[in-house]
Amino acid sequence: MPICRVCYFRFILFALGAVFLCPSVNAASSVAKQTKLTAAVIYQISRFVSWPESTFSHQGDVLLICVLGKDRSGLLPQLQHFTSRKSKGRSIKIQSFRTSNELLEKQSVAGGCHILFSMNGEWDQLSDSEIQLLRQKTLLIGRTRDFLKGGGMLALILVKSKINIVINPDALEGSDVKLESRLRVLAKTL
Amino acid sequence: MKYKSHIFSSFKAKLIGLMISVTFISLLMASVGLTVVQVKSFRNSLESSTLSNMEILSFNLIPMLVFDDSDSAQRLLTSLKTRPAVKEAEVYRLDELEGLVFVARYPEGGEHYVHKDIREYITPEFFGEKHYLTHPILLDRETVGYLYVYSVFDELGRFQLEIIGTVVVIMIVCLLLALIIALKYQAILLRPLRLLVDVTEEISINKDYSLRADSTGNDEFSHLALGFNAMLDEIETHDRQQRQAKLDIRQLNMGLEETVKKRTVALELANQNLLATLDQLSQSKNKLVEQEKMASLGGLVAGIAHEINTPVGIGVTAVSHMGELVAQLESEHRAKTLRPQDLDRFLVNANECVDITFNNLGRAADLVKSFKQVAVDQSSDSVRTILMADYLHEILMSLRPQLKKTEHKVELQCAPGLKVRCHAGALSQILTNFIMNSLIHGFEGVDKGVITISITKRDQRISLTYSDDGIGMDADALSRIFDPFYTTRRGHGGSGLGAHVVYNLVTQALNGNVVAKSELSEGLSFEIDFPERENHVVK
Ligand SMILES: Nc1ncnc2c1ncn2[C@@H]1O[C@H](COP(=O)(O)OP(=O)(O)O)[C@@H](O)[C@H]1O
Ligand SMILES: [Mg+2]
């Protein structure tokens with residue numbers, strides 16, 4: 001039931017808000033909820049982004065969401081929830097790269113990522129040229145403004161109880177991946 | 001003229017009214033239909049433009065709902081400013097737990113307005129210029145919220161006004177055109193009818209039935225004119241016939257008057273002649289009546305003379321025989337040859353002669369006496385008291401010469417001492433006539449007839465019944481017996497006045513009445529009834 005899913009997402013958002021209002025009460029559970037929210041936002045963003053058609057041709061209609069770095073907050077299982085759902089009619093797959101080296105090694109796989117979510121740490125290991133290459137066909141999402149400054153395209157930054165979407169227009173300019181304008185309207189610019 | 005103009009104006013009005021109303025109705029229907037269609041399509045275009053706008057808005061609203069960014073939604077809604085028709089807009093997201101959750105509204109800060117569930121307007125609604133629309137916001141066929149918009153389309157009202165104004169103007173122009181055409185055309189249409197009416201009018205004024213209506217052409221009016229002309233033909237012939245008949249009647253009347261005048265004159269003449277004749281007739285009748293009276297008197301005189309002749313003759317013979325006897329006695333006495341037996345014989349003879357003479361003279365005296373009585377009574381109008389039985393005998397005596405020659409008998413039935421005061425002469429004349437008629441007519445071919453006369457008196461009225469047992473009369477003759485000059489013996493001494501004289505005497509002299517009764521071969525009877533005269537006139 002589609003309405004249900006949205007509601008579910010909304011519930012998470014509000015719960016997260018509550019956690020941030022009183023962080024000392026239950027830090028652990030607030031982190032878990034933040035992770036859930038992040039997974040949901042990543043999924044929702046995928047619905048307002050368009051990739052070049054060529055990125056789907058060889059693997060059928062599958063949207064590949066890759067996660068870079070060690071998953072300390074349990075984001076992967078949260079993202080895994082959304083594999084049962086579709087984004088723009090495409091089924092969703094999750095791929096994890098623990099290190100930047102792994103990413104570079106599995107170039108064939110990494111090249112097919114539609115979204116690359118970067119946990120803190122591993123991103124800095126990538127060179128500018130590597131990033132340049134990556135963002136050609138992949139939406140690069142991070143969690144900080146520094147990520148954006150380091151060539152990232154979109155950041156989910158937690159402000160108070162809400163996640164703000166911040167974009168790096170220059171990075172987006174040079175990419176074949178396009179954010180829908182209606183999403184851009186919501187986003188803040190670096 | 002009034003009549004004509006009235007007919008035409010009403011007919012004209014009807015024609016024009018028809019054309020105008022047909023035009024009006026068709027125009028009205030066309031314009032109403034057109035207006036409705038126009039307004040509807042205008043509404044549809046308004047609605048579809050609104051819808052497409054809402055779709056764009058919804059499309060942009062989706063991430064705002066998904067990421068719960070009400071500020072952005074609010075900002076986005078302000079873009080509706082460019083659409084002045086939109087008076088109100090509201091965005092809701094759909095939440096499983098909370099249901100519809102208000103997100104943003106336009107104009108901002110306005111009162112949160114939900115007069116009913118906005119989802120009812122998912123099928124948009126128009127209320128006049130007001131338009132309500134709720135647009136579901138879909139993401140991958142998932143309803144994530146609703147956009148509700150309330151618009152007021154002033155242009156719809158303006159459009160309607162414009163259309164109605166245009167329609168009214170077009171209608172007025174068209175109606176005016178129709179009126180002009182109708183006015184022009186009715187004159188052409190009604191021309192033949194007017195001509196026909198003119199003809200009828202002229203006919204009714206001048207009574208000239210030889211006029212004819214123009215029947216050229218092939219429309220209904222020419223048919224009407226043909227029929228009218230046929231009718232006129234008939235009327236004309238009828239009229240002519242009637243005039244002729246009137247003339248004939250007048251002439252006939254005049255002729256009739258003439259004839260009547262002539263006839264009247266002739267009638268008057270005939271009348272005068274008749275009157276003169278009647279005068280003459282009555283004169284001669286009176287004369288005849290007198291003659292009859294005289295004749296019966298004359299007959300009486302002759303009869304009486306004849307009667308007297310016999311006794312007087314016998315008396316003369318007896319006296320002359322006595323003279324001879326006396327002369328013989330005288331001569332014997334003078335010759336002294338008279339013997340006593342001669343004297344005795346003379347005395348016997350002389351006595352006999354005296355007796356004979358006495359008897360016969362007495363009889364003659366009787367006769368004269370009765371004749372005198374009857375004659376005097378018949379010629380005079382004397383009223384006197386008579387001893388009826390004696391008087392009847394006297395009458396019979398006077399008629400003896402006639403009765404004596406026959407074997408007929410007369411029976412008198414009368415109380416011996418009956419005295420009656422009356423016009424005796426009339427009575428004698430009546431009975432004489434009756435008896436003479438019986439002898440002449442009744443006993444014709446009868447040898448031994450019987451006449452019965454009976455007289456009775458009661459309460460100063462005398463009833464006399466005379467009857468014979470002769471041949472009688474038939475009813476037709478009986479009804480005419482008292483008519484003057486009615487007789488069956490004309491040329492044989494009958495005058496036809498006898499019974500008439502009787503009738504006059506009974507009714508005038510006796511002041512009574514007489515009825516005759518008879519049947520053929522049953523005899524004839526008269527019943528006379530008259531009052532006795534008062535005793536104050538004595539002659
Ligand atoms: N006693 C009678 N019996 C039969 N007929 C009679 C008798 N008396 C009169 N008439 C008829 O009546 C007629 C009229 O009589 P009257 O007036 O006396 O006229 P006249 O004796 O001149 O004929 C007679 O002609 C006769 O035919
Ligand atoms: Mg006579």
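Heavy atoms of other residues, nucleotides or ligands lying less than 6.0 angstrom from NZ of A:K137 number 12 at most. Annotation for A:K88: atom NZ counts as buried by contact number, over 12 foreign heavy atoms lying within 6.0 Å. Heavy atoms from other residues, nucleotides or ligands lying under 6.0 Å from CG of A:D128 number 12 at most.
Of the candidates A:R47, A:E180, A:R182, B:I62 forms a side chain to side chain contact (heavy atoms under 4.5 Å, CB included) with just one, namely A:R182.
Residue A:I45 touches chain B through both its backbone and its side chain, counting heavy-atom pairs closer than 4.5 Å. Looking at B:L139, both its backbone and its side chain come within 4.5 Å of chain A, counting heavy atoms on both sides.
For the atom pair CD1 of A:I163 and CZ of B:F67, the computed distance is 9.5 Å after rounding to the nearest 0.5 Å. Rounded to the nearest 0.5 Å, atoms CG (A:L183) and CG (B:N60) are 11.5 Å apart.
Closest heavy-atom contact between A:K162 and B:D69: NZ-CA, 4.4 Å.
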